[in-house]
> 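Sending over a structure as structure tokens; questions will come in a sec.
Here is how names work: the chains are called A, B, and so on, in the same order as the sequence lines, proteins then strands, and each is numbered from 1.
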Protein chains: 2
Amino acid sequence: MEKLLQNFDSIFSIDCIIFGLNEGELKILLIERNEEPYKSWYALPGNIVKQNESIDHAAQRILYELTGLKGIYMEQFHTFGEVNRHPSGRVITVAYNAMIRLDGEKELKPITNYASKAFWMPVKDMPALAFDHTEIFNKGFDKIRSKISFEPIAFELLPEKFTLTQLQNLYEVILNKELDKRNFRKKMLSYDILKELDEKQEGVSYRAAKLYKFDRRKYAKFFQKELSFGKD
Amino acid sequence: MEKLLQNFDSIFSIDCIIFGLNEGELKILLIERNEEPYKSWYALPGNIVKQNESIDHAAQRILYELTGLKGIYMEQFHTFGEVNRHPSGRVITVAYNAMIRLDGEKELKPITNYASKAFWMPVKDMPALAFDHTEIFNKGFDKIRSKISFEPIAFELLPEKFTLTQLQNLYEVILNKELDKRNFRKKMLSYDILKELDEKQEGVSYRAAKLYKFDRRKYAKFFQKELSFGKD
DNA sequence: AAGATAAGGTGTAATTGTTACACTAAGTAA
DNA sequence: TTACTTAGTGTAACAATTACACCTTATCTT
């Protein structure tokens, strides 16, 4: 048995797609590689899973080591297992993604020297990436785009208090199309997952908008949406 | 580099959830294990990925070797990577699922002797399974259930020609709830993905129903459905 | 052949959700 | 005070969803 298993050993890695929103622009987290192969190329934060850690845990550790970001909840979305996706041998990778809030640009600082730096790249300017990371990114972005179409998950990207216009802009950026202001507000408010605050925007040179908070409890109801044929 | 990689080697496997419909009953394909650990337990068809094959290809090979079913298109749905999910060491597994048509009960015959038999098990009678396969099955079933709620994918399970009642029954079995006959038909026909045939059911001891075929070309339109806020 | 049985097949009205569309209100800046 | 910029709001037309019940057609039984 032991011998049989040895024959099939593979390398197993994690790659992370982390979305952030900065000044209305959607960005993802990249690193600059500091090792061969693809030395000095940009890549998704990713590395090899250890024997004694679950893949979910590995994802968190790896993201931390490469970017300094800690405790980010990520969700696995696809596993890439083509034979030649990595030039140094067989490497299968599980891709994770997450959306995070950038409170005043959290500092990014690689802990290991496997990456020479970590930085936010606007998704509209994505450069060529190492390995098959462009393909991984595209699949991850599609996933987010289709997920947001069914569930209002975009709040993770916004500051705790936000205006409806900011929320709408975010949807427009992710879905890459313009939305009708009145219809957007009507529908979003009808979900009853936003708490209207007694506060207004500050520091803007025009009429200040009301601020809202996301209501996580009420959101729970939402997690279900199905085709139906009557008789619920 | 070579040395670094070696330290992290893991075993990598595939497990398959194959749904079939037999006499109106939803079943999945299981094997009886013929090796330790869990010898003589029931399990999902699964085995180890080889170094020189993609995971999609491995899924097909493994399913064939354990059950004799060839060329089944499966879709990956989740990767399970808990540290202790396999008693003999670290094994990460990618789970795939598929729905197939049982034309007069295809013969099942394991090609390797890793399985002593392969058979169809009604999902409502699922026994305890080896390893964490019960968890994998539950997640796969959830996935199918939520997918069918957005896309009419269930045709894969039915014979080429089927009646609307058969289709409705299938939906009811998967979604585990009763649907309204008139609304179901109205909505299903409105998708315009069914071809009405000039034939009727045969061999039934009551009024025979019209037969329909699934129209794969028209189905393509369907693959998109999104939340929207006006201004398409 | 008459009647019983079993599933097939059909329509409508009420309700809800979606879409398209344009002006006034409020605050800031000059 | 005026100009500017974004906030904020309602309605009518249309489409989709829901709830709901009876007649039709074929087979089987006697």
Side-chain angles (χ1 to χ4, degrees), chain A residues 23-24 148-152 158 161-173 175 177-213 221-222 224-232, chain B residues 23-24 148-152 158 161-173 175 177-213 221-222 224-232:
Chain A
E23 298 177 6
I148 204 179
S149 300
F150 294 112
E151 279 179 58
L158 292 172
K161 301 170 183 182
F162 52 86
T163 69
L164 290 176
T165 300
Q166 287 167 349
L167 183 59
Q168 180 177 342
N169 288 340
L170 175 54
Y171 268 77
E172 291 180 342
V173 168
L175 296 176
K177 67 179 171 192
E178 293 203 341
L179 305 174
D180 178 88
K181 182 161 64 157
R182 276 176 293 191
N183 292 336
F184 179 83
R185 284 162 182 244
K186 202 191 319 175
K187 189 160 178 174
M188 201 45 83
L189 292 172
S190 78
Y191 293 153
D192 195 31
I193 54 174
L194 297 183
K195 244 199 302 275
E196 186 180 330
L197 303 178
D198 280 336
E199 294 171 73
K200 299 204 160 184
Q201 238 178 343
E202 277 173 32
V204 289
S205 63
Y206 45 78
R207 177 178 176 182
K210 273 185 218 159
L211 290 170
Y212 290 80
K213 250 179 146 162
K221 276 195 216 162
F222 238 79
Q224 294 292 33
K225 262 211 160 180
E226 301 186 7
L227 266 198
S228 62
F229 302 92
K231 274 202 182 166
D232 234 17
Chain B
E23 299 177 7
I148 205 180
S149 299
F150 294 111
E151 277 179 60
L158 292 172
K161 301 170 183 182
F162 53 86
T163 69
L164 290 177
T165 301
Q166 287 166 350
L167 183 59
Q168 181 177 343
N169 288 341
L170 174 55
Y171 268 76
E172 290 179 341
V173 167
L175 296 176
K177 66 178 172 194
E178 294 202 341
L179 306 173
D180 178 89
K181 182 159 65 156
R182 276 176 292 190
N183 292 336
F184 180 84
R185 284 162 181 245
K186 201 191 319 174
K187 189 159 179 175
M188 202 45 84
L189 292 171
S190 78
Y191 293 152
D192 195 31
I193 54 174
L194 298 183
K195 242 197 304 272
E196 185 179 330
L197 303 177
D198 281 337
E199 294 172 70
K200 298 204 162 186
Q201 239 177 342
E202 276 174 31
V204 288
S205 64
Y206 45 79
R207 176 178 178 184
K210 272 185 217 158
L211 290 170
Y212 290 82
K213 249 179 148 162
K221 278 194 215 162
F222 240 79
Q224 294 290 34
K225 263 210 159 181
E226 302 187 5
L227 265 200
S228 63
F229 302 91
K231 271 201 182 166
D232 235 16

> Both A/Ala209 and B/Lys200 contact DNA chain D. Taking the nearest nucleotide for each, which residue is further toward the 5' end?
A/Ala209
> Considering non-hydrogen atoms only, spot the tightest contact between A/Gly24 and A/Val173 and give its length.
O-CG2, 3.7 Å
> Side chain of A/Lys181, base of D/dG8: donor and acceptor closer than 3.5 Å?
yes
> Measuring only between side-chain heavy atoms, which start at C-beta, is B/Leu189 closer than 4.5 Å to B/Tyr212?
yes
> Checking all strands, does B/Thr165 fall into the base, sugar-phosphate, or nothing category for heavy-atom contacts under 4.0 angstrom?
sugar-phosphate
> Does A/Tyr206 or B/Thr163 map to a spot on DNA chain C nearer the 5' end, using the closest nucleotide for each?
B/Thr163
> Per the side-chain contact (heavy atoms from CB on, under 4.5 Å) rule, which among B/Glu199, B/Glu196, B/Lys195 passes with B/Lys213?
B/Lys195
> Please state how far atom OH in A/Tyr191 lies from atom P in C/dT18, giving the value in whole angstrom units.
7 Å
> For D/dA19, take OP1 and OP2 only and decide whether either is under 4.0 Å from a side-chain N or O of B/Arg182.
no
> Which part of the nucleic acid, if any, lies within reach of B/Lys186 when heavy atoms closer than 4.0 Å are counted: base, sugar-phosphate only, or nothing?
base
> Calculate, to the nearest 0.5 Å, the distance between atoms CG and CZ belonging to B/Leu194 and B/Arg185 respectively.
11.0 Å
> For the base of C/dG8, is there a side-chain donor-acceptor partner from B/Arg207 under 3.5 Å away?
yes
> Roughly, in whole Å, what's the span from CG in A/Leu179 to P in C/dT18?
14 Å
> How long is the span from the OG1 atom in A/Thr163 to the CD atom in A/Gln201, to the nearest 0.5 Å?
5.0 Å
> Could you tell me the separation between the CG atom of A/Asn183 and the C1' atom of D/dG10, rounded to a whole number of Å?
11 Å
> How long is the line joining CZ of B/Phe184 and C1' of D/dA19, in whole Å?
17 Å
> Rounded to whole Å, please give me the gap between NZ in A/Lys187 and P in D/dG8.
21 Å
> Quick one: B/Gln168 CD to C/dA7 P, roughly how many Å, whole number?
13 Å
> Please report the distance, rounded to the nearest Å, between CD in B/Gln166 and P in C/dG9.
11 Å
> Rounded to whole Å, how long is the line connecting atom CE of B/Met188 with atom C1' of D/dA16?
15 Å
> Hey, which sits more toward the 5' end of DNA chain C by its nearest nucleotide, B/Tyr212 or B/Ser205?
B/Ser205
